[in-house]
Amino acid sequence: MVNDAVLTRVENTLAVIPEGVVVSYGQLADLSGLPGRARLMGRALRALDGEHNWHRVVRADGKIAFPDGSWHAHEQRQRLIEEGVTIKNNRINLKKYGWKPDLHTILSSLQY
DNA sequence: CACGTGACATACC
DNA sequence: GGGTATGCCACGT
């Protein structure tokens, strides 16, 4: 289980991640005011299950966290491709689609 | 209480 | 690139 406070933060953060942009679990934790707690993000996303931009969260190496062939992996891949994110060799180029410093301005509404 | 296990990350080698 | 080690924390056993 995950604290409501954490869930709220994660929800708010996910809500401001633009289309075509992906963040890592560690970044999501960081942006949510929970540095060093990447593992908790997986739990949080599991708890939120589906109703948010969970598909824009990938591992720090650019790979999708789910096992290849799993339903979730396929679904996430599809949604990202629909947003214009290209995936080659089962991996995403974070230099291209990752979080960029200039995007921090849109976090000003989150106030942590 | 002590481990093992995760939608993980970083620092090494 | 891969492999190991450590940090992280909630949960199950």
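A note on names: the letters A, B, ... follow the listed sequences, proteins ahead of strands, and every chain is numbered from 1.
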[X] [atom1] to [N] [atom2], straight-line distance once rounded to whole Å:
| X | N | atom1 | atom2 | answer |
| --- | --- | --- | --- | --- |
| Leu14(A) | dA7(B) | CG | P | 17 Å |
| Leu31(A) | dA9(B) | CG | P | 13 Å |
| His52(A) | dA7(B) | NE2 | C1' | 15 Å |
| Trp54(A) | dA7(B) | CH2 | C1' | 10 Å |
| Leu28(A) | dA7(B) | CG | P | 16 Å |
| Met41(A) | dA9(B) | CE | P | 11 Å |
| Arg59(A) | dG2(C) | CZ | P | 10 Å |
| His72(A) | dA7(B) | NE2 | P | 11 Å |

Handout entry: Distance between P atoms of dA7(B) and dT6(C) (Å, rounded)
Key =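 That atom pair is separated by 23 Å.
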Exercise for the section: Ignoring hydrogens and angles, state whether a donor on the side chain of Glu83(A) or His55(A) is under 3.5 Å from an acceptor on the partner side chain. Expected result: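 Short answer, yes.
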Exercise for the section: Just call it for Arg56(A): base, sugar-phosphate, or nothing, with non-hydrogen atoms closer than 4.0 Å on any strand. Expected result: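 Nothing, no nucleic acid heavy atom in range.
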[X] side chain to [Y] main-chain N or O, any donor-acceptor pair under 3.5 Å?
| X | Y | result |
| --- | --- | --- |
| Asn93(A) | Lys95(A) | yes |
| Asn3(A) | Ala5(A) | no |
| Lys100(A) | Lys96(A) | yes |

Practice task
Return the minimal non-hydrogen interatomic distance between Trp99(A) and Pro18(A), and the atom names on each side.
Solution key: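 Smallest heavy-atom distance, with atoms named: CZ3-CD, 4.5 Å.
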Handout entry: SB check Glu75(A) Arg79(A) (cutoff 4.0 Å)
Key =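 Looking at Glu75(A) and Arg79(A), the cut-off is met.
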Handout entry: Sole residue of Asn53(A), Val2(A), Val10(A) in side-chain contact (heavy atoms from CB on, under 4.5 Å) with Leu48(A)
Key =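 Result for side-chain contact (heavy atoms from CB on, under 4.5 Å) with Leu48(A): Val10(A).
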Problem - Summary of side-chain hydrogen bond (donor to acceptor under 3.5 Å, both in side chains) pairs that have at least one residue in residues 19-34 of chain A, sequence neighbours excluded - result: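 Counting only pairs at least two positions apart or across chains, the side-chain hydrogen bond (donor to acceptor under 3.5 Å, both in side chains) contacts touching residues 19-34 of chain A are Thr13(A)-Ser32(A).
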Handout entry: Parallel, tilted or perpendicular: rings of Phe66(A) and His72(A) (30°, 60°)
Key =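 Ring orientation of His72(A) relative to Phe66(A): parallel.
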Practice task
Could you please name the option among dA7(B), dA9(B), dG1(C) that lies closest to any side-chain atom of Arg91(A)?
Solution key: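 In terms of side-chain proximity for Arg91(A), the closest of dA7(B), dA9(B), dG1(C) is dG1(C).
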Shorter than 3.5 Å, N or O on both sides, protein versus nucleotides 11-13 of chain B: list them out with atom names.
none

Fill in the blank from the handout: Going 5' to 3' through nucleotides 4-13 of chain C and flagging B where a protein heavy-atom sits under 4.0 Å of the base, S where only the sugar-phosphate is that close, and - otherwise, we get ---BBSBS--
